[in-house]
Amino acid sequence: MTAARIESTGAPAPAGAWAGAVLGLVAGALLCWLVITQPQRGWTPPAQVPVQLGEQHYRLDAARLEWIEAFSRLHFSTGQADGRALLEAELDNGLSSAFDEVKRRLPDFADWYYSLGGEYSRLAMTALAWMNLAEDGYVARRAAEVLFPAEAWGEALDGVERQAIGRLLSQQQAVRESWLAEIAARLAPHQVPAPLDGRTGAESETVRLDTLDARVLAREREALETRVAVSSLVAGGVAARVAWRGVAGSGRAVAARGVGRGASKAVPAASGALAACSAAGPYALGCAVMAGAAAWVATDWLLLRADEAMNRAALLEALEAGLAEVRRELLADMMATYDAAAAGLHADVEAEITLTFRPARAGHAETPIVDSLPNH
Amino acid sequence: MFRVAGLNAVGRRVWHDILCLLAVAALAWGFHVVARILPTAALLLAWVLFTALIAAGLLHRARVRRRAFLAVWIAPASALQRWLRGGVLLALRSVLLGAGLALLLMVALVRIQDPRVWLALIAAGPVLVLLRALLARRLARHAGALYLPILSWRAAALPVGAALTATLMALAWHQAYPDFAGVSLERAVWHMVDQEQARSGPGLALLQAAAAKDALRLWLAQQLMPAPASSLWNLLGWLLVLAEEVLFVWSYLLAGHGILTRVGAHDRSEN
C-alpha cells in the first residue's frame, strides 16, 4: 500500500523503507523456515519402565525394578530349596510307610523259607542252576514275589511319589502366591491407570510380571512331570535282590545251612529204612524206599524246625537290614533324579526372570537425555 | 498523499514495528523450542520477560485511559491530577494481570504441536502493523492525538485477532484427538498427562494441568454427546476451546503491543 503510494508520486523509493522491507521479509522468511524445520526439543526423564501385573499397570524406575528382580531370584531360589527339603521329607515318610508294608510280609517269606516246599524247591533250583538248567538267585526271586508283589509295590511307590509331588506343587504354588503378594504390595504405590489402547507400550518395553508367574508355573509343572521314581530299585526283583544280597553277605551261615541239611540227613534215613523193612521179603526194597522217603521228609522237617528255631530271627533281622539299605538307596536315587530336574528348573526360572526384566535393563538411562520431538 | 520524506519515515516506522512483532514471534518460538529442557530458574526468567511485555502494553493503555479521564473530569490545577495520574497501583494491577496472562501464554506456546500455528502467528504481526498504519491514517482526522495510537491498535487488533482465533480454531477442528469413548476419566486424564515431559518440576506440573484440562474437555465432549457435533456438551467443549484460543491470541497480541510500547515507532512517544 505504501509502495503503491510512493509509485504514484513518481518519486524514487525511500532507501530506509526499502531496507526495512528487505530486512523484514528476510527475517520473516527465516523465521518461517525455522518453525517448519526445527522441532521442539523434548525432555526424556529418568527411565520409568512400564510394568504389568494382571490387569494392573505400574511405572517404576530402574532401581526399584532391580530390587524386584533380585527379590524374585532370591524368593524362587529359596522356595526351590525349601521344596527340595519338603520333597525329601515327604518321600522319606512315604517310603517308610511302603517299607513297613514290605516288612509285614517278612514272616510270610520266612515261613516259606523254613517250609518243606521251600526247602525242596530251593534244593531243586540249586541243582538245576548247577546243571545250567535254571538261573541263579532263586531265593531272591522268591523274596521278590513275596515281599514286593508287583501290583502292590507299584501302587505303593506311585502313591508315595504322587503324594510327595502333590505336596511339592502345593508348596510351589504357595511360593508363587507369596511372591505375587509381595510384588503387588511393592508395586501398589506406583500404580497408574491402564493405557488407552490396553497396552502399556511395545511388548519389548514392558515388564510382564503376570507372564513371569505363568511361565514359572509352566516350568515347574514341566519339571515335575519328570518322575522321580525312576530308580532300578522300583522294580521289586531288583529291590529283593539287593535286600537278599545284604542277607547273604551278613548271614552267610543262614543261607548255607539249608544246603548242608540234605547231605547230613541222607545216610541215617537210608540205614533206618533198610533195617525196618528187612522182614518184608520180596517187598523189602519198596518198603525201604517208602520208609526211607518218609524218614527223609520227617528228618528234614525236624531239621527245618530246628533251623527255624535257631536262625529265623537272624534271617528276619538280616532281611530288615537289607530292606533298610534298599530304602536308603531308593530315596537317594529319587532325590538325585529330582535334583537333576530341579537344576534344570532353577536354570529355567533364572532365564525367565532375566527375560522378563530385560526391558528394565534396556530402559536404564543413567542421565536424562534431550531429544527432538517431531512437531506432528 | 505522503511526501517522499514523509513516506520514508512512515515506511521505516512500519517496517520497524513489523520487525518488533517478528521479534516477539521469534521469542515465542524460541521459548517453545527449548521450554521443555529449561530449568525452573530459566522458566522463571522467561515468565518475568513475558510478564514485562504484556504488563507494558497493559500499563501503557491504562495510563492513556487515565490521562484521558483526568483531562475530561479533573481540573488541570487540581491536586487530584497528581494523585490519580496512575502510579504503583496501576502498575501492580497491570503486572498481576500480565503475570497471569503470561503464564497462560507460555503454557500454550509450549504445547503448540502444529507448525501452521506458528506460521499464522508470524503472519499476524506484519498484517497487524500494516492494517494499523492504514487505520491510523483514516482515524487521524477523527480521533484525538492522545488516543489515536491505542484506537488504531485496537481497531487493527480486533479483526486480526479474530482472524487468528478463527485460524487456530480451524486448525484445532482438524486436529486428531485421542478416542476417549468407553474410557474412564481417570484413564483419559492419565493418557494426556503422561504425554507431557519437562525438565522443570513446576513447568511439568503446569503442562500436566493443561493436559488434564484438555483431557477433561475431550472426555466430556466424547462421553456425553449423544450425537457428534449436535450436543450441548460438544458445543460447550468447542466454546471452551474458543475461550482458550481467545485468551491465547489476546495474550500474544498484548505481548506484541507491549514491545511496541517500549521500542515501537507508534507508541513509544506516548509513554
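All of these numbers come straight from a predicted model, not from anything done at the bench.
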Please classify the contact of [X] with chain A as side chain, backbone, both or neither, using a heavy-atom distance under 4.5 Å.
| X | result |
| --- | --- |
| B/Ala26 | both |
| B/Ala25 | both |
| B/Leu22 | both |
| B/Val110 | both |
| B/Asp194 | side chain |

Next on the checklist: If you count heavy-atom pairs within less than 4.5 Å of chain A, which of B/Leu119, B/Val34, B/Ile18 leads?
Outcome noted: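 The option with the most such pairs is B/Leu119.
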If we count only N and O atoms by modelled type, under 3.5 Å, do the side chains of [X] and [Y] hold a donor and an acceptor together?
| X | Y | value |
| --- | --- | --- |
| B/Gln197 | B/Arg36 | no |
| A/Thr356 | A/Arg215 | no |
| A/Gln52 | A/Gln56 | no |

Checklist entry - Residues of residues 155-171 of chain B under 4.5 Å from chain A (heavy atom pairs)? => result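 Listed by number, there are no contacting residues, so the answer is none.
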Item to check | Whether A/Phe71 and A/His75 hold their rings parallel, tilted or perpendicular, with breakpoints at 30° and 60° | outcome: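 Geometry flag for A/His75 against A/Phe71: tilted rings.
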Checklist entry - Under 30°, 30 to 60°, or over 60°: which ring-plane class applies to B/His191 and B/Phe180, parallel, tilted or perpendicular? => result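 Plane angle over 60°, so perpendicular.
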Checklist entry - Roughly how far apart are B/Ile112 CD1 and B/Leu121 CG, rounded to 0.5 Å? => result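 That separation rounds to 5.5 Å.
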Item to check | Minimum heavy-atom distance between B/Ser200 and B/Thr40, given as atom pair plus value | outcome: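 That closest heavy-atom pairing would be OG-OG1, 2.8 Å.
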Checklist entry - Is there a donor-acceptor contact under 3.5 Å from the side chain of B/Arg132 to the main chain of B/Val14? => result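 Absent.
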Item to check | Proximal component of A/Leu23, with respect to chain B [non-hydrogen, under 4.5 Å] | outcome: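 Both backbone and side chain.
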Next on the checklist: For B/Phe50, run the side chain to side chain contact (heavy atoms under 4.5 Å, CB included) check against B/Leu109, B/Leu254, B/Leu103, B/Val24 and tell me which one passes.
Outcome noted: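 So the option named by the test is B/Leu109.
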